[in-house]
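Input: a single structure, listed below in structure tokens.
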Amino acid sequence: MTWSADLAPVVDDVLSATPRERLWETVVDLDWTTVGVDETAGGAGGDVRDQAELAGGAGRHAIGIPLWETAHAAWAMTRAGLELPERGQPAVVVTDPSRAVAWGDHDTVVLLVHADSLMRVPARCRIAPDSATLAGEPAGLLDLDAAAPGDIGGVSLDPALAEEIRGRGALLRAAALHGAMHSACELTREHVQSREQFGRPLASHQAVAHALATMVLERDRVRAGIDEALDRGGPGPAEAARAAAAAAAGQVASAAHQLLGAMGTTREHSLHHFTRRLWSWRDADGSQHTWERRVGERALAGDDDDALWSLVTG
């Protein structure tokens, strides 16, 4: 099952076959950094399903470039009436300025959604120490107090558009998490089916089979939440999908390492590329508690009871 039948096979082919040092140049040449942006606004066309396909591919292949993040930022800028970033320039949308910003170095366009405004954060307000996220993405902090008068240019947003930008970012993060979960599950499945203990495959032991089934169930539960959010639209279902992805990420990562044992903790094995992303992306734009609280507050306010029902029933 795919979110974008036309784009899915191409995403897997390009992200798996292109050398990592040429990957950013390749996706820029393919106009993937503007997927979801209308062609009349200078984009590649497509919609949120195409962006979700990019995010899922980024997770499945553990790529080290801000692919879907830049596409999301480009879409947000055009919706807000701003010009697109220069071709090939990375961009990210930030919703929590207190957290370290992945890819937030001086060459990246950093957009801050604050209240009902979209602001472009200048380079002087970014602290880019020699640090990285757990996923290996270069990270920096924002220091908005360092801005000079008139330094931060921003545009007012309709409240509904501000919610839409936040919601789409949450949905795309959930899709990226799902992609990483998918690869973690497949690596674990291959391991327990090929390795033997007491003369039979690990997968034939009941405890191992149960743990693997739980991993797959959590992954598929996240997939169902993303599918529903794409079908229904709106920030409520997107936040419910994001909360479900945060809850599942830690469980899938922990179970994968338990089943692979010491082998899964080595740098030589590829599992860590996905589990480090699960742990890092789970908290990148708010903790699991943050997202569950948003869904609960929305339901209690009467805005979207269906979002809470989707989260509870999975």
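Side chains included, hydrogens not; waters and symmetry mates left out as well; all remaining heavy atoms used.
Not one N or O on the side chain of Thr34 forms a donor-acceptor pair closer than 3.5 Å with the backbone of Val37. Side-chain atoms of Gln51 come within 3.5 Å of backbone N or O of Val35 as a donor-acceptor pair. The closest donor-acceptor contact from the side chain of Thr108 to the backbone of Trp103 lies under 3.5 Å. Panel note: side chain Arg126, backbone Leu141; no donor-acceptor pair is recorded below 3.5 Å. The backbone N or O of Leu15 sits nowhere less than 3.5 Å from a side-chain atom of Thr18 that would complete a donor-acceptor pair. Between the side chain of Thr188 and the backbone N or O of Ala184, at least one donor-acceptor pair lies under 3.5 Å.
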Problem set entry | salt bridge (Lys or Arg N to Asp or Glu O under 4.0 Å) evaluation trace for Arg189 with Glu186 | CA-CA 5 Å; Arg189 187 201 307 273; Glu186 291 306 301; 3.3 Å; yes

Problem set entry | Pair Glu137-Trp281, side chain to side chain donor-acceptor pair (under 3.5 Å): steps then yes or no | CA-CA 10 Å; Glu137 303 156 336; Trp281 292 350; 3.0 Å; yes

For this session: For side chain to side chain contact (heavy atoms under 4.5 Å, CB included), just list the numbers for Val222 and Leu177, CA-CA rounded to whole Å, side-chain angles, deciding distance to a tenth of an Å, and then say yes or no.
Result: CA-CA 9 Å; Val222 173; Leu177 282 163; 5.8 Å; no

Exercise. What's the verdict on side chain to side chain donor-acceptor pair (under 3.5 Å) for Asp50 and Ser4, showing C-alpha distance, side-chain angles and the deciding distance?
Worked result: CA-CA 5 Å; Asp50 298 303; Ser4 174; 2.5 Å; yes

Problem set entry | Test log, rule salt bridge (Lys or Arg N to Asp or Glu O under 4.0 Å), inputs Asp285 and Arg242 | CA-CA 10 Å; Asp285 45 11; Arg242 178 66 179 86; 2.6 Å; yes

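Residues Met119 and Val155 are members of separate hydrophobic clusters, defined by side-chain heavy-atom contacts under 4.5 angstrom among Ile, Leu, Val, Met, Phe, Trp and Tyr.
Annotation: side chain of Cys125 is not in contact with side chain of Leu142 (no heavy-atom distance under 4.5 Å). For the pair Met77/Arg120, a side-chain contact is recorded, criterion being any heavy-atom separation below 4.5 Å from C-beta on. Contact annotation: the side chain of Val94 never approaches that of Val113 to less than 4.5 Å [non-hydrogen atoms, C-beta and beyond]. When side chains are defined from C-beta on, Met215 does not count as touching Gln251, because their heavy atoms never get closer than 4.5 Å. Side-chain contact check for Pro201 versus Gln193: every heavy-atom pair is 4.5 Å or farther apart. Counting only heavy atoms from C-beta outward, the side chains of Leu187 and Ser270 approach each other to under 4.5 Å. Side chains of Thr26 and Trp32 form no contact here, defined as non-hydrogen atoms less than 4.5 Å apart. By the 4.5 Å heavy-atom criterion applied to side chains, Leu111 and Val92 are not counted as neighbours.
Pairs passing the side chain to side chain donor-acceptor pair (under 3.5 Å) check and including a residue from residues 66-81, sequence neighbours excluded, read Arg79-Glu164. Note on residues 18-43: pairs passing salt bridge (Lys or Arg N to Asp or Glu O under 4.0 Å), not counting sequence neighbours, are Asp31-Arg87.
Taking the ring axis of Trp3 as reference, the NZ or CZ atom of Arg223 stays within 45° of it and closer than 6.0 Å to the ring centre. Arg276 forms no cation-pi arrangement with Trp279, by the criterion of a distance under 6.0 Å to the ring centre and an angle within 45° of the ring axis.
From Leu271, atom CG reaches atom CG of Leu278 across 9.0 Å, with rounding to the nearest 0.5 Å. The CG atom of Leu171 sits 11.0 Å away from the CD atom of Glu239 when rounded to the nearest 0.5 Å.
Heavy atoms of other residues, nucleotides or ligands lying less than 6.0 angstrom from CZ of Arg99 number more than 12.
Within the hydrophobic cluster formed by Ile, Leu, Val, Met, Phe, Trp and Tyr side chains joined at under 4.5 Å, directly or through other members, Leu217 stands alone, with no partner residue.
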